[in-house]
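One structure is given below, encoded as structure tokens.
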Amino acid sequence: MTADTMRSALGTLRHNLPASLVVFLIAVPLSLGVAVASGAPLAAGLIAAAVGGIVAGALGGSSVQVSGPTAGLSLVIADLVHTYGWRATCMITVLAGVIQLGLGLVRAARAALAVSPAVIHGLLAGVGVVIALSQLHIVLGGSPQRSAVENLLELPAQIADIHSHAVAVGLLTIGVLIVWTRLPRRLRVVPAPLAALAISAVVAALLGWQVTRVDLTGMLSQWQPPVPPEGDWHGIVGAALLVAFLSAVESLLCARAVDSRNANLDRELCGQGTANIVSGVLGGLPVAGVIVRSTANLRAGARSRLSTILHGCWVLVFGLFLGWTVHLIPMESLAALLVFTGIQTINLGHVRKVHGHGEVPVYAVTLLGVVLVGLAEGVFLGLGLAALLALRRLTWVDIRVDTGPGGRRHVTVNGSLTFLGVPRLTAELRAIPPAVPVDLDLNIDFMDNAAFEALHSWRLDHEAGGGRVEIDELHDEWYALAASGARMFPAKTPPKAPDRWWLPWTHRKAVPQQGALESGAREFHQRRAPLLRPIFSELAHAQKPSHLFITCADSRIVPSIITASGPGDLFTVRNIGNLVPRRGAEPPDDSVLAAIEYATQVLKVHTITVCGHSGCGAMAGLLSAGVAAGGMPGLRRWLRHGHHSLARYLTEEDPPGSTPLDRLCRVNVVQQLDNLRTHRRIDEMVRAGELQLVGLYFDIAAARVEVLAPTLSVKT
């Protein structure tokens, strides 16, 4: 081993060793708690934690994810233990691992991510509620019932028959968990779960409280090999699939959350499957990625999977040689830890996220289904509702009817027009009075036969009654194709912006050569005015532009397009050649100066931009010494303001590959920036840093905007 390799290994160990100890201290109490909630032997939780750390850590596809027993599977395991027994449940864990390993080998990991996160969050919250309700009975000194509903109904009687010592140690544990997060940082080096269990154990021992103790003696001598489950094999296979599915989804989502850039999901699924096989054979709980431990591992400074593997080794050493210390922990403290952990699964951050995507109903239905009916049933209810909501969104249609001058109706249909939207479509269209002209805009990405038949039938009826219907399809021509009998598109078409606002009149459909402005104004009123009206309402009383934009009157230059600006952004001056007359220039011209004074002194703009362009006719006139101006005396007089640009051009050589006209167009922009500074007020503002001068050059053929520096070097 070289010196560099040795230093690298020591540097990695320096970060991973402390992180592994932090995760170990969190994993031990939580693994014991999950074992209690699952109705499994306590040793099963430690076995799963050790296997998850060593096997899944070594073979998985994430460098920082920590695997182990998880509360999300505790309800399933508890039901399996009650139905088949513990040793048979271990065999089901082995089968689930085989399924996961097979899915990983065929690279099916990403398919598991198709499950809505709202279902997963609702599932975990529901499991947390069920665990909290069941373990609350242990905290109160009683025994949990079979279901969450029964636990809730029995709670008043349990509270009435309080066992003081059990309640005291449980409340003490919860109190420490709450207070620990508010202590100084140096004290929080010890994880809250470990501190809560240690303090409650010490207090219970000192005060002689009568509590139930955890028994972890004989961890190795109690081991027995798994046995095949007896009973309905359909149910057994279903149970294995459920365990494999839930643990796989939880692991993959956890890997994406803590290691989104580097995680290899297929390898992670193979690692989880192998760990579940080993854990089942050794008599451990099912293994999955655990977000609490993974996040703690990341925050503690873990750099590689070595931290995860070391944490598993510490758990193994603890279980083999220090298991006797667990006997000091009251069972009521573990139950209180589970109550606290269960309540924390209802994460308001998750609720806000699903609310932002309109999936709170999925979250709520999954949570209530898990609590009131069962885990599998709750998951299926959530998945079903998620699928229905997705179908609704995919077939969403928005129909708006506006009344114009003379009672003319303007109908806009956006979205996907399917049989699900036919009732609403026909109701809106049938409400239009007969013999009224109708403009129907279809901005849709799909139309099925039922929607076409309903729309076409209404059109024929309306026109037969004396009305006129003009249909304009802004997306793809679904209606026109169906009406002509042509073959329809096989599926929804990708969305695209309406091809109206930026295209020249000559490139649009059905725009008359005569009256183009009137047609454009009508299109503005129909399509864009409703969207822009709130903006113009704000601008109606005052303007606050940030830029004075001086550019050429050339019809090919559209400032709002080449700068991606909107109403109120640019105070624009356009003239032939984007010229700025110098102070005291002949012939005198105050039109540009007036705009400059108003923009800088009244509107308080902070930037003046001069924008030139390729192929400028004014610059061609300068190069021809006025010949190109012909019999236009006004243009010849105006071009005198470009003589300084021409003189500057003559002193410099054309770079290779550029034409004389292109070079002069660029030189002219920089010269106009110099002309601006001949005006004393502008020069003072520039020197004081109150005003910035910018030169732009628009290459028309390349549709490219360049920023020109005063030295004519181009910044791309």
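Remember, predicted model here, so these are calculated numbers, not experimental data.
- In this structure a side-chain-to-backbone donor-acceptor pair under 3.5 Å is present from Asp266 to Ala109.
- The side-chain heavy atoms of Val64 and Thr308, taken from C-beta on, include no pair separated by under 4.5 Å.
- Distance alone, capped at 3.5 Å, is enough to place a donor-acceptor pair between the Ser200 side chain and the Leu197 backbone.
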Does the pair Val119 and Tyr363 meet the rule for a side-chain contact (heavy atoms from CB on, under 4.5 Å), with working shown? CA-CA 6 Å; Val119 175; Tyr363 178 90; over 6 Å; no

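- Of all heavy-atom pairs spanning Gly33 and Leu334, the tightest one is N-CD2, 4.1 Å.
- Side chains of Leu310 and Phe24 form no contact here, defined as non-hydrogen atoms less than 4.5 Å apart.
- A donor-acceptor pair is defined here as one N or O able to donate and one able to accept, closer than 3.5 Å; no such pair exists between the side chain of Arg293 and the backbone of Val66.
- With no hydrogens or angles considered, no side-chain donor-acceptor pair links Thr93 and Asn276 at under 3.5 Å.
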Run the numbers on Leu389 and Val362 for side-chain contact (heavy atoms from CB on, under 4.5 Å), then give the verdict. CA-CA 9 Å; Leu389 290 179; Val362 177; 3.5 Å; yes

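- A donor-acceptor pair is defined here as one N or O able to donate and one able to accept, closer than 3.5 Å; such a pair exists between the side chain of Ser134 and the backbone of Ile131.
- Atom CG of residue Leu367 and atom CG of residue Leu381 lie 12.0 Å apart, to the nearest 0.5 angstrom.
- Side chains of Ser251 and Gln65: a donor-acceptor N/O pair is absent below 3.5 angstrom, by distance only.
- For the pair Ile77/Thr89, a side-chain contact is recorded, criterion being any heavy-atom separation below 4.5 Å from C-beta on.
- In plain terms, the two heavy atoms of Pro229 and Met91 that are nearest each other are CD-CG, 3.9 Å.
- The shortest heavy-atom contact between Ala48 and Pro286 is CB-O, 4.5 Å.
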Please lay out, stage by stage, how Val36 and Leu32 fare under the test side-chain contact (heavy atoms from CB on, under 4.5 Å). CA-CA 6 Å; Val36 170; Leu32 293 173; 5.6 Å; no

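- Side chain of Asn16 to main chain of Arg303: a donor-acceptor pair is present (N/O by atom type, distance under 3.5 Å, no hydrogens or angles).
- Checking side-chain atoms of Ser333 against main-chain N and O of Ile329 turns up no donor-acceptor pair under 3.5 Å.
- Residue Val315 comes nearest to Ala49 through the heavy atom pair CG1-CB, 3.9 Å, listed as atom of the first residue, atom of the second, then distance.
- When atom types are taken as modelled, the side chain of Ser279 and the backbone of Leu285 share a donor-acceptor pair closer than 3.5 angstrom.
- In this structure, the separation between CG on Leu105 and CG on Leu269 is 9.0 Å, given to the nearest 0.5 Å.
- Side-chain contact between Val22 and Asn297: absent, with no pair of heavy atoms (C-beta onward) separated by less than 4.5 Å.
- Counting only heavy atoms from C-beta outward, the side chains of Leu101 and Thr274 approach each other to under 4.5 Å.
- Separation of atoms CD1 (Ile174) and CG (Leu136) is listed at 7.5 Å; rounding is to 0.5 Å.
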Using the rule given for side-chain contact (heavy atoms from CB on, under 4.5 Å), can you reason through Ser74 versus Val127, listing the C-alpha separation, both sets of side-chain angles and the distance that settles it, and then say yes or no? CA-CA 8 Å; Ser74 59; Val127 169; 4.0 Å; yes

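- Rounding to the nearest 0.5 Å places CZ of Phe340 at 5.0 Å from CG of Leu177.
- In this structure, Ser20 contributes its side chain and His311 its backbone to no donor-acceptor pair below 3.5 Å.
- Ser247 and Gln272 share no donor-acceptor pair across their side chains, judged by distance under 3.5 Å alone.
- Taking CD1 of Ile277 as the reference point, atom CG of Leu282 lies at 12.0 Å (rounded to 0.5 Å).
- Of the possible donor and acceptor atoms, one in the side chain of Arg267 sits under 3.5 Å from a partner among the backbone N and O of Gly60.
- Here Asn264 contributes atom CG and Arg107 contributes atom CZ; the two are 7.5 Å apart, rounded to the nearest 0.5 Å.
- Here the closest non-hydrogen pair linking Ile309 and Gly57 is CG1-C, 4.0 Å.
- In this structure, the side chains of Cys270 and Leu59 stay at 4.5 Å or more apart for every pair of heavy atoms.
- Contact check for Leu46 versus Leu42: no side-chain heavy atoms found under the 4.5 Å cut-off.
- For the pair Ala336 and Gly170, the tightest heavy-atom approach, listed with the atom from each and the gap, is CB-O, 3.4 Å.
- At a threshold of 4.5 Å between non-hydrogen side-chain atoms, the residues Ile54 and Cys313 count as touching.
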